Every structure is written in structure tokens, then in C-alpha cells.
Amino acid sequence: MLGKYNSLIILLLLILLKNNFGHEIKLYGPGLQPKNIVMPARYFFVNFTSIDENSYSRDLALNFAVEINGKSFKSNHCRVWVNTLDRKDGTFIVRYKLYETCTELSIGIYYKNKHIHDSPYRFEGPIQPDQCDCPKKDMKQWLKHYECPASYAQIENDLRPFKNLIMSNQIKKIIKNFHKPESTSFCHYIIKNNEIYRDCYGKHIGFNMFADNILLSLTRKVAMPDMELIINLGDWPLVHKGSEPLPIFSWCGNNETLDIVMPTYDITESALENMGRVTLDTLSVQGNVERKWADRENRAFWRGRDSRAERLKLIDIARAHPDLINASLTNFFFFREKEAQYGPKLPHISFFKFFDYKYQINVDGTVAAYRLPYLLSGGSLVMKQESPYYEHFYGKLQPFEHFIPIRRDLSDLPDKIIWAREHDEEAHQIARNARNFATNNLLPQHIICYHAVLFSEWSKRIKGEVNVEKDMTHVPQVKFECVCDLTSSVDREEL
Ligand SMILES: *[C@@H]1O[C@H](CO)[C@@H](O)[C@H](O)[C@H]1NC(C)=O
Ligand SMILES: *[C@@H]1O[C@H](CO)[C@@H](O)[C@H](O)[C@H]1NC(C)=O
Ligand SMILES: *[C@@H]1O[C@H](CO)[C@@H](O)[C@H](O)[C@H]1NC(C)=O
């Protein structure tokens, strides 16, 4: 008799289990596609959608757990490091780093010791760590699998002046016009048969390691088209409007220049060294701030070095309005003679502590302040100085939606802070929008995609065969033992 109801009972049980104690839970993110999306640190989101900053309690974190393990060729255990970040608003960010090729991988996600949704998620290998030099052959397909957008307005805009370029001529002109060893440094890069070569000009070429890193990272993942390009290693963009548009890739743009903008070396390193050498990144900021909005001080906070006159001015304004602003310089270099007036310099404090304050100030340094991605991620309201300088993503940022604009001379800063105090709900919403913007545009996947789409589009703008000149430096991949293809007997024999 009971048998008739068995399936119904099982179904009900399943619904209850899936219901996860009344929580609706959303799972998403590139880390749930570990085969297609190879990253230094993979990540995904677990969103308890009914919980927010105010209803969050530590119980949620205590009842949440993740377990990731797998098998490798050599053992029944694949080396994986897992790190969970608690945004304290009902969303967890789970990051994990593979240290070897996994032949199997299982991701278990639990709430109150029960699996969430279809957890455990199981994958059959090979699932590669980022160090593996296992490029996919078809770039178009790879871009799709990696979930990269087909295009970016900024890239289309930057590349508009360029088509059918014969690069040997362009390179000659760039060297002639811009090779000033004391003040500019740039490298000529060639990608040929997915190998990287470079030739650098200038005195300060140490930053070529950042360009090397992203190019090496991409060519490990996908076979890049042959191409050549010039990457500017300095902060300042070089190609002024009105002069001949020569193609130079730079980390910072200016509304009076034509340089092709790439994500800054700073955010690129933080994407490539996530869960590695770099501890400040657009994910870690989301999990390491301690105070929710309501508990943050309703003052503006700023720390930084003296790399622009307005930064000194900010100190003057802060001294006149200590009730509104806590700002100090941490280093004197550009205005050493003013240290007595604008000092004493204060020691650095953890960037995560910035978010003990509701309002954050973004003032240019020598060029755009490369901290903006992290400021946007921290859940405070960003007050951004108007500026001709921009990074690759500024075109998508909207004033009063993602940040509050401040006049270039900072004169309206106190008024804007007073406005924010008097419009706390609007200010909070802009802060939330900013963090959502960062989550949708500034995570490692987005940074890798931007480079991939940029270089892929760029390769279509140049014509003729790419030839490596014989005195160029070959930039090799770091040796790392990998199995690219489980079915290939050649790879297995190499083990
Ligand atoms: C979590 O889900 C809610 C509701 O769908 C959404 O508003 C919020 O932006 C999500 N959080 C994140 C970090 O994606
Ligand atoms: C400014 O901020 C620092 C770091 O949070 C803090 O130690 C100091 O007391 C603050 N100063 C004032 C005047 O609030
Ligand atoms: C560039 O920015 C400056 C400062 O914000 C502004 O005065 C100038 O008009 C802008 N120029 C262009 C071409 O948009």
C-alpha cells in the first residue's frame, strides 16, 4: 500500500532538501566551469538571495561549507587550495586554486551539512591549473567558452583609427618619434606561432614583466593569432590627438591622446596573482571589509602619496573639515620640500580598513589612480575627481549611478560629503551599484577577456606576415609538468 506513495514521499523530500531550509540560493560564476575557464584562481558565487546586509548573521557563515577535491595522475588526491570570502550580505565568494592537473574534480557546497542544489558538481579531466601550457586551437571558440563579450565599446573606439597596418613601418615611426631613453620606455612584442618575443627601448623596462605575464597567460590558454604590437611601459599615454595616429598600447588613457588602452598592470597582476603574490584584488576586497554600511563612519577617508598637487590640496581641505574627512599622505617624493607643511606622513594602513568609512576619495596620482577598481568593490561611496585620465573600464561608469563626481580642483568635496550624509539611502545605493559594477566588470575573468578580445581584434588590423627579427628576446613559458590531453598517448609517455 505504502509503495504507491513512495515516489511521492521521495519527491517531497527532494523538494525540502532543495529548498535548503527556506533559502533560495543562486550559484554562478566561472569557477563552476573549470574545464573551459582556466584561471589562476577560479571563483564562483553562492548567493542566499533572501539575506542582505541587515538580516545577515554569523550563523549563515557557520552553516555554510565548501569542499573541493579530486584525483590526479599520481594519486587519489589533487592538490587544491580553497578560500571562502564572506561578503556578509548573504553572498559568499568561493575561490580555489589548482596546483596540478586534476583528472577528476568534485565541488561540494553545503548548507547545514546538506548539499545545495545539484552539489556535488563533478567534472572529468583534464582540469588544468593556470600554469599549464595547453592552448586551445580555436580562439573564436575559446572566447565563447570563456564567456568573453564579443566586443567592447572602448576597444572599438581605440582601434577605430587603425586598419591594414604594415607594422614594420609603424614600428619604425614609433621608435623614431617616441624613443627617448630618459623619459619613455616601451617594448615591441611579437607573437608568432603562439611564442612571445620582445625588444625593449628605454631605460626603465622592468615593467615589461607585467606585459610578459598577461601574454604568457593568454598563450597558455589559447593559440593567439600572429601579431606584433608596441606596449608602453610608462604611466603617461604618448600619442597626442592631432599627431599621426600611431598604435601604442598603454595602461592609462587621456582624453587628449589616442593610445590603445589595456587594463592597468595593477589590476592585471591582481587577476593573475589572485590567491598568490597579490592580496589586494577585486574579490578579496569584497570579503575582507569588516563593517556593514550602517556601521561605517560617515566621513571620507583617503591615504596616498604626494604624486599630484591636488593631493596636497586634499590635505588642506581635510584640515579645514576634520568632521568630514580623514586624509593623510603616506609618502613624500614629488613635493619633498612641502613635507613640513603637509606632513607628518602616516604609515600605510590596510586597504581593507579604508572601508571603515562610508566615503572614499579617488584623486589622480601621476595619471589615473589605479586603486579605483578596489575602491568600487569595497561597498563604500566613491567620490571621484573629474579627470582627463581613464582606465579601460571608465567609459562604462556613470556619475551618480556608480560614483559621485568631484570637481578637478576638489572645491566641492565638502558639499558632496554633506549631500551624501543627508541622502544616506541614495549614497548607499550608489555604493551597492559600484560593487555590482565591479562584480560584473572587474573580476579576473573580465580582465583576461578584455586582453583576449583586444589582442584578437588588434590582430585583424594588421596585415602581412609577422617575422621575428633575429635579435629579439624570446620570452619562454615557465616549465611546469602538465598533461594537456588525457587521451593522447604521447603526453602519457612523457609522464
Ligand atoms: C544576489 O542575488 C540578489 C537577488 O537576485 C541580487 O540582487 C544580488 O545582486 C546578488 N548578489 C551578487 C553578489 O551577485
Ligand atoms: C584617521 O584614521 C586613522 C586610521 O583609521 C585613525 O587611526 C585616526 O584616529 C583617524 N583620525 C581622526 C581624526 O579621526
Ligand atoms: C579633457 O578633459 C579636460 C579636463 O576634464 C577637459 O577640460 C577637456 O575639455 C577634455 N577634452 C576633450 C577633448 O574632451
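Nothing here was measured: the structure is a model prediction, and the numbers come from that model. Read the numbers this way: they start at 1 and go in the same order the structure lists the ligands and their atoms. Heavy atoms only: backbone and side chains are in, while hydrogens, waters and symmetry mates are out.
Those atoms of ligand 1 with a heavy atom of Arg87 less than 4.0 angstrom away are 13 (C). Set against the non-hydrogen atoms of Thr91, the atoms of ligand 1 under 4.0 Å away are 11 (N), 13 (C). Every atom of ligand 1 is numbered from 1 in the order shown, and the set under 4.0 Å from a heavy atom of Asn47 is 1 (C), 2 (O), 3 (C), 8 (C), 10 (C), 11 (N), 12 (C), 14 (O).
Partner of Arg432 under the salt bridge (charged side-chain N to carboxylate O under 4.0 Å, His left out) criterion, chosen from Glu425, Glu53, Glu426, Glu401: Glu425.
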Would you tabulate the side-chain donor-acceptor contacts of residues 344-354 under 3.5 Å, counting partners in other chains and residues two or more places apart, or write 'none'?
unit_1: Ser350; atom_1: OG; unit_2: Phe352; atom_2: N; d: 3.1
unit_1: Lys353; atom_1: NZ; unit_2: Asp356; atom_2: OD2; d: 3.0

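Ring centers of Tyr152 and Tyr450: under 6.0 Å apart, within the cut-off. In this structure, Phe92 has its ring center under 6.0 Å from that of Phe64. Proximity of the aromatic rings of Tyr342 and Phe332 is defined here by a centroid distance below 6.0 angstrom, and this criterion is not met.
The local environment of CD in Gln398 is crowded, with over 12 non-hydrogen atoms from other residues, nucleotides or ligands closer than 6.0 Å. Heavy atoms from other residues, nucleotides or ligands lying under 6.0 Å from CG of Asp323 number more than 12.
Counting only heavy atoms from C-beta outward, the side chains of Pro263 and His451 approach each other to under 4.5 Å.
Taking only nitrogen or oxygen atoms, main chain and side chain alike, Thr49 does not reach within less than 3.5 Å of ligand 1. Between Thr439 and ligand 1, no N or O atom pair is found at a separation short of 3.5 Å.
Near ligand 2, heavy-atom contacts under 4.0 Å come from Arg299, Phe301, Arg303, Asn326, Tyr357.
When non-hydrogen atoms are compared, ligand 1 lies under 4.0 Å from neither the backbone nor the side chain of Phe92.
Minimum heavy-atom separation, Tyr390 to Ala368: N-CB, 4.5 Å.
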